[in-house]
Amino acid sequence: MFRTSDIVLIAVMVSAAAFTYKTKHEAEEKLVAVRKIEQQIRFEEDSIDLLKADWSLLTQPARLQKLAETYQNELQLAPVEARQIVGLDDLPTKPVDVQDTSTKRLGGVADIGGTDKVVTGAVVR
């Protein structure tokens, strides 16, 4: 009937066919995944283009000027000037509020109730 070499040859052929089918199936799955990613990329690019178009529409100088004129009384807006950048000398000074926190930070001097002060390396509570 069948010789051992015939059975081995049939087994090799069946395993080769199974391996080929498995490889083809994996390749098809990866191709579907690539197509989904490409579709998602196209969708995101379209979304970005739409957002850019909206941004350019919303930031048109004529539109902003019209809105400023419309709501000038309600919002108490100052007139629009060409100079948008303010120098450091033009900024108002902020009052400096300095508090002594030397006993509350790391490496501060702790008051332990006596006349001796102990330098600590931890937060004093």
Tell me the closest heavy-atom pair linking A53 and S56, and the distance in Å. O-OG, 2.9 Å
If you look only at distance, which donor and acceptor atoms sit under 3.5 Å apart when one is on a side chain in residues 28-49 and the other is two or more places apart or in another chain?
| from | atom 1 | to | atom 2 | distance (Å) |
| --- | --- | --- | --- | --- |
| E28 | OE2 | K24 | NZ | 3.1 |
| E29 | OE2 | H25 | NE2 | 2.9 |
| S47 | OG | F43 | O | 3.0 |

Sorted by chain and number, sequence neighbours left out, salt bridge (Lys or Arg N to Asp or Glu O under 4.0 Å) with K52 holds for none
Within this structure, what is the NZ-CG distance for the pair K66 and L64, rounded to the nearest 0.5 Å? 12.0 Å
How many angstroms lie between OG1 in T59 and CG in D54, if you round to the nearest 0.5 Å? 10.5 Å
